[in-house]
Structures are given as C-alpha cells and as structure tokens.
Amino acid sequence: MDYLSGLNENQRAPVEHIEGPIMVIAGAGSGKTRVLTYRIAHMINSGIDPFNILALTFTNKAASEMKQRISTIVGDGEAKNIAMGTFHSVFAKLLRYNSERLGYPSNFTIYDTQDSRSLIKTIIKELKLDDKEYKPASVHGRISSAKNNLISPEEYANNAEIVGEDRMSRRPLIYQIYKIYMQRCFKAGAMDFDDLLYQTNVLLRDFPEVLHYYQQKFKFVLVDEYQDTNYSQYLIVKKIAAVYENICVVGDDAQSIYSFRGANIQNILNFKKNYPDYQLYKLEQNYRSTKNIVEAANSVIAKNQDQIKKDVWTENDKGAHIKVVKCLTDNEEGRVITNKIFDVKQSTGAEYSDFAILYRTNAQSRSFEESLRKLNMPYKIYGGLSFYQRKEIKDLIAYFRLTANPNDEEALKRVINYPKRGIGNTTMEKIIIAAQQYDVSLFDIMSDFVRYPVSIGSAAQKKIIDFVTMVKSFGADLDRVPAFDLAQRIATSAGILKNLHDDKTPEGVARYENIQELLAGVKEFSISNRDAENNSLSDFLIDVALLTDADKDNEDDKNKITLMTIHASKGLEFPHVFIVGLEENLFPSQLSINSRTELEEERRLFYVAVTRAEKTCTLSHVQSRFRFGQIISSEPSRFIDEIDEQFVEHENAYSDKATAGRSLNSDRKFRGGLNAPGPRTNGFSTRNLKKIDSTPNTGGGTTETLKVGYNVVHERFGKGKVTGLEGAAPNQKATVFFPRVGQKTLILKFAKLTISED
DNA sequence: ATCAAGGCTTTTTTT
DNA sequence: AAGCCTTGAT
C-alpha cells in the first residue's frame with residue numbers, strides 16, 4: 001500500500017525520520033494525527049517490531065482510532081501489539097505487573113476524584129480541622145499538583161515556598177493531610193489518578209532493572225499532544241527514551257489548555273535542552289478550515305505573549321464570515337442555535353453529525369438539550385455526569401473493587417450498608433477507631449472480632465460477618481471465574497439487582513437498566529478478551545477507571561449533533577461549529593481574568609474552539625443567563641472583539657418564540673471496555689537461519705552481506721525474496737517480496753531479517 | 001438505624 | 001436548580 005503518497009512533503013519528512021529525537025510542531029488542522037499514524041505504520045513496515053513501540057495519546061479513543069488506521073496499512077496482527085493509549089492507561093497496566101515491588105497489591109484499586117476527595121474529607125475531619133477553610137476539593141488540588149511535580153509529602157513539608165503559600169491561604173496543615181492521605185491510599189492498596197504517574201516514576205527510579213527492561217522494550221517512543229504533558233509524564237518519557245533516544249513528540253503550544261492539571265509548556269522548551277541534536281519539523285499548512293476561519297483564529301492568538309511563532313496558513317476557499325449572534329437569555333440561545341442547525345441542515349443537506357455545539361462549562365448544555373429534544377433532533381452529550389459516575393454504577397463497581405481488593409476503604413464505606421443491611425454509622429465509627437488503633441484495614445477488623453475486639457452488639461457483628469464472608473467468597477472466584485459470571489454473581493448475591501428491581505419508579509427502572517448495561521459491558525469485555533491473559537474482573541476495573549465518555553462511542557451515536565466542552569473537543573473537527581456562551585466571566589472564566597497566563601490559556605482555548613470548524617463557525621452570547629439559581633446579566637466576551645473585524649459578521653437573533661415544558665435527561669449508552677493486547681504469536685522457527693546485520697544495540701556477531709535474489713525470513717512477515725537493495729550500512733534498505741504480505745522496503749538495521757538456507 | 005426536611009454550597013476545564 | 005449534608009423525629 002502506497003501510504004506515503006498521501007502525505008505532502010512537510011508531513012512526509014517526519015514520517016520517514018524514524019531514529020533519534022524529533023519534535024513536530026503542528027498547527028491546528030495540519031494533519032498531525034495523519035503524520036503520527038503513518039509514522040508508526042512506516043516504522044512497522046520498515047521492520048520495527050510493534051512490541052518495541054510506545055505511543056502515548058491524549059484519549060483512549062484517539063489511540064483506538066489510530067490503531068484502527070494503522071491496522072489497515074500494516075495488518076491487524078501487527079497493530080495490536082503496539083503499546084498505545086493515554087499515559088494513565090498505559091502506565092496503569094505497567095504498574096499492574098510491577099506494583100508489588102512498591103508494596104502495592106497487583107490488584108490495586110484506582111481511586112477516582114470522588115474517592116480522593118472523600119478520603120481527604122475524612123482526614124480533615126479526623127484532624128478536627130475546619131472544612132470551611134480546608135475544602136476537600138482545593139486541598140486535593142494542592143496535593144495533585146504536588147504529585148504531578150513529583151514532590152513527595154516530605155519534600156512538600158520541607159519546601160518553604162509551598163508551605164508558605166499554604167500558610168498565606170490559611171491552610172498551613174495541608175502538608176500533614178498530604179502525608180496522611182498518601183499513607184491511607186497505600187494502606188488501602190489504592191492509587192489515585194496522579195499516583196499512576198507518580199508511582200511509575202518511583203518504580204523507574206528505584207528499580208533499575210525495571211527501567212532497563214522498559215528501555216529495551218520501548219525502543220521507540222511517540223508522544224501526542226506534548227504541550228499538555230505535565231512534569232511527571234515528561235520524566236517518565238525521558239527516562240524510558242534515555243538509552244536509544246528514539247523519541248518523537250508532537251504538539252502545538254497554541255493549543256495548550258490543560259495547565260490546571262499540571263501541563264507545562266516548559267516541556268516543549270526542555271526538549272531542546274535534553275536533546276540538543278534534535279530535529280524540528282513544523283507543519284503549518286491547515287487543511288481543515290476555510291481561510292476566514294484560519295485567519296480569524298490567527299488574529300486572536302496573536303494577542304498572546306507566550307507563544308512559539310508560527311505561520312498557519314491555508315489554500316482553502318475564503319468561506320463564510322464568522323457569525324456572531326446575540327441572544328436575550330440562555331433559553332433563547334438554545335432555541336436560536338438549534339434553529340440555525342435545522343436551517344443549515346435543510347439548506348445544505350448536511351448530516352446531524354456535521355454539527356457541534358461547544359461550551360466552556362458542562363452546565364451550559366441544559367438549554368440546548370431542551371430545544372433539541374423539542375425539535376426531535378438527535379444529539380449526544382459528552383462529559384458531564386458520565387455513565388460511570390452514576391450512583392448505581394459506582395455502587396456495583398464498588399463491590400467489584402472490594403472483591404479485587406478488600407482493603408479498598410472507599411469502596412467498603414460505599415457499600416457496607418447498601419443495600420440496607422442494618423450496619424449504620426455508629427457501628428462503622430467504632431470499626432474505624434479500632435482500625436486506627438490496631439493499624440490495620442477496616443476489612444481486617446471486620447474479619448476477626450476475636451483478634452480485634454470491638455464493642456458492637458452481637459446482632460450487628462453477625463451482619464458484618466455475613467458481609468465479610470460474602471465478599472471473601474466473591475474474591476475466591478476472582479481468578480477462577482470469567483469476569484462476566486463473577487460480575488453477575490456479585491450483582492445478584494449482594495442484593496443489588498433485587499433492590500433495584502423492586503423499585504418501580506421510573507428512576508428505579510432506569511437504574512436497573514443501567515446495571516444491566518454495565519453487566520453487558522462486562523460480558524463484552526469477557527468475550528473480547530476471552531483468550532487474553534488480562535481478562536479477569538480486576539482487569540475490567542482498570543479499563544473502567546480510566547475510560548471516559550469520549551472513549552465509548554457506539555453505533556447508535558453515529559449521526560448525532562455533538563455537545564461537549566471545548567476541552568473535550570480537542571483533536572476533533574466538524575463542518576459546522578457553534579461556540580456558545582461567549583460572555584465575560586464565563587468565557588473567559590471569572591477565575592482566569594486576573595492573571596495574564598490564565599487569561600492566555602483561555603484565549604488558547606478559544607483558539608482551539610474556532611479551529612475545530614471546517615466550513616462555518618458561529619459564536620453566540622446572551623444578555624442574561626441563569627447561574628446559581630439567579631439571573632446574571634452578562635457582557636459579550638472580549639474574545640469576540642479580538643477577532644479581526646474583517647472576518648466577522650454580526651447578526652440579530654431570531655425573535656424569542658416562547659415555549660414551555662421540560663423533560664427528562666437524554667439517554668447515554670454504554671459499551672464495554674477496551675481490548676487488552678493478546679498474547680504474542682510468532683510462528684517462525686529460527687532453525688537453519690543465519691542472522692544478518694544487527695539491531696541497533698548489538699555490536700558485532702556473525703553478519704553476512706545480503707544480495708539481490710537471496711531468500712530471507714522475517715520474524716513477522718515470513719519468507720521472502722530480496723528484489724532490490726539501496727544505500728549503504730548502517731542505513732541500508734532492502735526491498736523484499738513476501739508472498740504472504742507483499743512487497744516491503746525494510747531498513748536493515750531494524751528489520752530482523754535472516755538469510756534462509758533453503 | 002432510618003428517614004424527611006431544610007439549609008447550604010456549588011461551576012471551570014479531566015485522567 | 002440541584003445535589004449534599006446536617007439535623008431532628010421516629
């Protein structure tokens with residue numbers, strides 16, 4: 001397949017540059033994903049073993065789409081062996097194999113944000129601190145950013161600057177909360193999201209043999225959206241790539257929008273320092289958008305001080321102006337935008353899936369949902385309260401978690417009395433105190449009242465013992481029984497199915513259906529990983545903990561209008577984009593307008609939003625909006641004025657047609673987890689074979705000159721015949737015809753080629 | 001131990 | 001407006 005011809009010269013250069021450190025600065029719409037995809041395909045076609053490739057993407061969906069596309073070029077069997085996914089999911093799986101070295105169980109739990117906050121809240125209470133001053137969410141933010149900068153609790157406590165900041169904000173004891181939080185997570189056998197990166201760093205730092213193993217395994221490293229990596233991620237990549245320095249990072253500083261979770265543009269600048277002989281490539285031609293859109297976006301981003309200069313341009317048509325629509329209220333905004341979508345669809349024959357409504361905050365989706373539902377237009381909301389965050393789903397998953405890891409304190413607290421089994425707060429308080437006294441987990445106390453006496457009545461003790469016995473019996477099946485069968489058993493025995501089935505209210509019925517859907521998801525996971533080694537219920541839990549809404553699109557969602565935050569839209573594109581709620585204090589956010597750097601991040605966010613559009617881009621703002629249960633009057637966003645006026649057209653909104661009524665939430669569908677990579681299969685024997693040339697790491701050895709006409713065997717492509725040679729060692733390439741897979745041009749130092757004697 | 005009522009905060013953005 | 005938590009009654 002002649003995949004290289006689908007690229008322009010600028011794109012082709014980094015695709016063919018496989019070795020050594022390279023950085024690709026890719027403007028919006030310049031074909032960045034295409035470059036990454038083809039580069040990986042090209043590497044594999046050149047003979048690089050997919051097992052040696054680590055590719056880190058921003059979402060799991062991006063990873064699975066890229067894998068899909070690579071498969072069509074190099075074949076399914078090849079692509080599935082690439083380690084590809086988000087930092088969090090790739091390293092969660094890596095930790096699964098190595099966590100015991102760090103003192104964590106291999107079935108460690110992944111705490112989500114809610115778990116982390118709940119634990120922090122508990123600690124604040126135990127320390128008898130005022131939770132008005134010590135708000136769990138913001139304490140968690142401090143801890144999270146410490147972890148993302150690899151600052152341990154001890155270092156935190158000894159860092160005068162950090163502790164000084166805490167003192168200034170009248171929360172001098174955060175260092176103590178941090179320390180206890182880490183200890184409690186460790187005791188619970190739990191890692192939070194930040195730990196997945198933090199503990200990976202600890203692992204690679206303290207276990208040289210592990211570092212060495214992954215340095216040899218991942219000889220080629222690629223990182224997408226490099227501008228949004230934080231220090232912790234940066235260091236992982238740097239360590240793994242330290243031996244071969246075959247590292248390719250791709251990013252765009254103008255699209256850096258995640259500094260709130262530790263992303264650091266400094267990483268782009270550090271790249272030059274760490275790899276002085278790196279090669280820089282720039283992709284500046286935009287293939288996505290009209291001239292008006294590209295230039296309008298340029299005119300806004302030019303207002304930022306912090307940026308790497310580049311010149312994004314396009315050969316596309318001029319296209320329509322950017323439209324700015326003014327509305328009275330948020331409800332009118334919903335109707336006006338919805339009507340516009342209807343009109344454009346009628347007049348141009350566009351599909352529903354050609355439209356996206358993008359907003360700054362999830363809460364803004366409401367008015368659009370209402371209007372779309374009234375007009376019967378199909379839509380899909382991404383983000384917000386996702387399927388996995390629903391109470392009933394979290395409840396059942398908590399049982400799964402407890403089964404895999406009985407020390408998981410947050411899961412235990414969640415389900416100990418759900419469904420109601422008469423184990424109330426008073427009882428739990430006593431158990432918690434005992435656990436502190438004996439320095440063991442809650443589950444340990446509950447498992448052995450003889451060894452750990454607690455003053456609880458015998459009736460309550462019996463109930464607890466029943467619960468513990470049940471959980472233990474689930475645990476006994478963990479590695480014996482397929483994930484789905486165990487999940488089904490848990491849902492039944494724990495009484496969840498019955499409890500929800502008895503609830504005949506519409507909400508109860510919906511919850512029951514959601515549980516059924518989760519179970520169906522486990523079933524799908526079980527089936528698609530039937531032959532893999534990572535197919536237990538605890539493997540399912542890893543997937544579930546790290547899945548997001550964007551990762552689980554299904555068939556039913558194909559032709560629908562997209563509603564999402566701008567953050568979630570990164571990397572996507574739509575013919576018609578509506579950016580709504582362009583008002584001061586909303587976009588830019590109220591919390592950002594007092595600092596230049598934060599305001600510039602909001603501006604980059606606006607840049608990202610505008611550059612999602614292919615054909616038309618419409619902005620809207622309202623005069624008064626409902627917020628915090630109050631009507632707030634709003635001024636148009638400064639970003640509207642910052643667009644060079646030659647690209648803009650102002651428009652009056654439709655008149656406000658009054659409508660009334662409100663209905664239920666939209667349905668969101670659930671689909672099962674990601675496929676874990678299967679076992680490696682390689683049907684070739686190495687008998688009668690002589691090794692030629694060398695992989696980059698091995699020095700001498702017996703090598704023999706390859707000649708045209710020789711029969712050769714490739715580890716994965718099978719037998720073939722050399723039809724051509726070009727270049728000289730060490731960069732010699734051979735064209736080989738393989739009857740099984742066709743003609744390939746192999747780079748000899750990568751391709752594991754052997755001359756066949758027969 | 002459980003439930004209902006009333007008061008309170010909450011909204012950036014996400015793995 | 002909605003969800004969460006505390007409070008107080010049973």
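Every chain is numbered from 1, with letters handed out A, B, ... down the list of sequences. Note that this is a predicted model, so its numbers are computed, not measured.
Comparing B:dT14, B:dT15, C:dC5 by their nearest atom to the side chain of A:Ala568 picks out B:dT14. Between B:dT11, B:dT13, B:dT15, one nucleotide has an atom nearer to the side chain of A:His88 than all others, and that is B:dT15. Relative to the side chain of A:Tyr258, the nucleotides B:dT11, B:dT14, B:dT15 differ in distance, and B:dT14 lies closest. Among B:dT15, C:dT6, B:dT13, the nucleotide with an atom closest to any side-chain atom of A:Lys125 is C:dT6. In this structure, of B:dT9, B:dT13, B:dT15, it is B:dT9 that holds the atom nearest to the side chain of A:Lys132. Set against B:dT14, C:dA1, B:dA1, the side chain of A:Phe626 has C:dA1 as its closest nucleotide. Among the nucleotides B:dT15, B:dT14, B:dT10, the one closest to any side-chain atom of A:Leu546 is B:dT15. Of the listed nucleotides (B:dA1, B:dT13, C:dC5), B:dA1 has the atom at the smallest distance from the side chain of A:Thr426.
Residues passing the ring-ring contact (aromatic ring centres under 6.0 Å, His included) test with A:His88, sequence neighbours excluded: none. By the ring-ring contact (aromatic ring centres under 6.0 Å, His included) test, A:Tyr104 is found to be paired with A:Phe186, residues two or more places apart in sequence or in another chain being considered. Checked against ring-ring contact (aromatic ring centres under 6.0 Å, His included), A:Phe58 has the following partners two or more places apart in sequence or in another chain: A:Tyr258. For the ring-ring contact (aromatic ring centres under 6.0 Å, His included) test, residues two or more places apart in sequence or in another chain that qualify with A:Phe639 are A:Phe587, A:Phe606.
Between A:Glu133 and A:Arg170 there is a salt bridge, since a side-chain N of the basic residue sits under 4.0 Å from a carboxylate O of the acidic one. Comment: A:Arg373 engages A:Glu369 in a salt bridge, judged by a side-chain N to carboxylate O separation of less than 4.0 angstrom. Taking 4.0 Å as the cut-off between side-chain N and carboxylate O, A:Lys391 and A:Asp395 count as a salt-bridged pair.
Protein atom CZ of A:Arg366 is 9 Å distant from nucleotide atom P of C:dA2, rounded to whole Å. Atom-to-atom, CG of A:Asp543 to P of B:dT15 comes out at 15 Å; the value is rounded to the nearest Å. Taking atom CD1 on A:Ile423 and atom C1' on B:dT2, their separation rounds to 15 Å, with Å as the unit. For the pair A:Arg612 CZ and B:dT13 P, the interatomic distance rounds to 19 Å; values are reported in whole Å. Regarding A:Gln233, its CD atom lies at a distance of 16 Å from the P atom of B:dT14, rounded to whole Å. Spacing between atom CD of A:Gln227 and atom C1' of B:dT14 amounts to 15 Å, rounded to whole angstrom units. One can place CD of A:Gln255 at 20 Å from P of B:dT13, the figure rounded to the nearest angstrom.
Proximity of residues 410-422 of chain A to DNA chain B (heavy atom under 4.0 angstrom from any strand atom) is restricted to A:Asn417, A:Lys420, A:Gly422. For the segment residues 627-637 of chain A, the set of residues with a heavy atom within less than 4.0 Å of an atom of DNA chain C comprises A:Phe628, A:Gly629, in numerical order.
Across all strands shown, A:Asp112 has no heavy atoms under 4.0 Å from either base or sugar-phosphate atoms. Across all strands, A:Lys135 comes closer than 4.0 Å only to sugar-phosphate atoms, never to a base (heavy-atom distances).
Dashed line: the shortest gap from a side-chain N or O of A:Lys121 to OP1 or OP2 of C:dC5 is under 4.0 Å. Listed pair A:Thr427 / B:dA1 meets the phosphate criterion, a side-chain N or O lying under 4.0 Å from OP1 or OP2. One finds a side-chain N or O of A:Asn362 lying less than 4.0 angstrom from the OP1 or OP2 phosphate oxygen of B:dT14.
For the atom pair CG (A:Asn267) and CG (A:Asp228), the distance works out to 10.0 Å, reported to the nearest 0.5 Å.
Figure legend: A:Lys132 and A:Tyr134 shown without cation-pi pairing, the cationic atom not lying both under 6.0 angstrom from the six-membered ring centre and within 45 degrees of its axis.
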- Intermediate values then yes/no, side chain to side chain contact (heavy atoms under 4.5 Å, CB included), A:Met84 and A:Val90: CA-CA 7 Å; A:Met84 194 185 296; A:Val90 167; over 6 Å; no
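When each of A:Thr565 and A:Ala363 is assigned the nucleotide of DNA chain B bearing its nearest heavy atom, the one mapping closer to the 5' terminus is A:Ala363.
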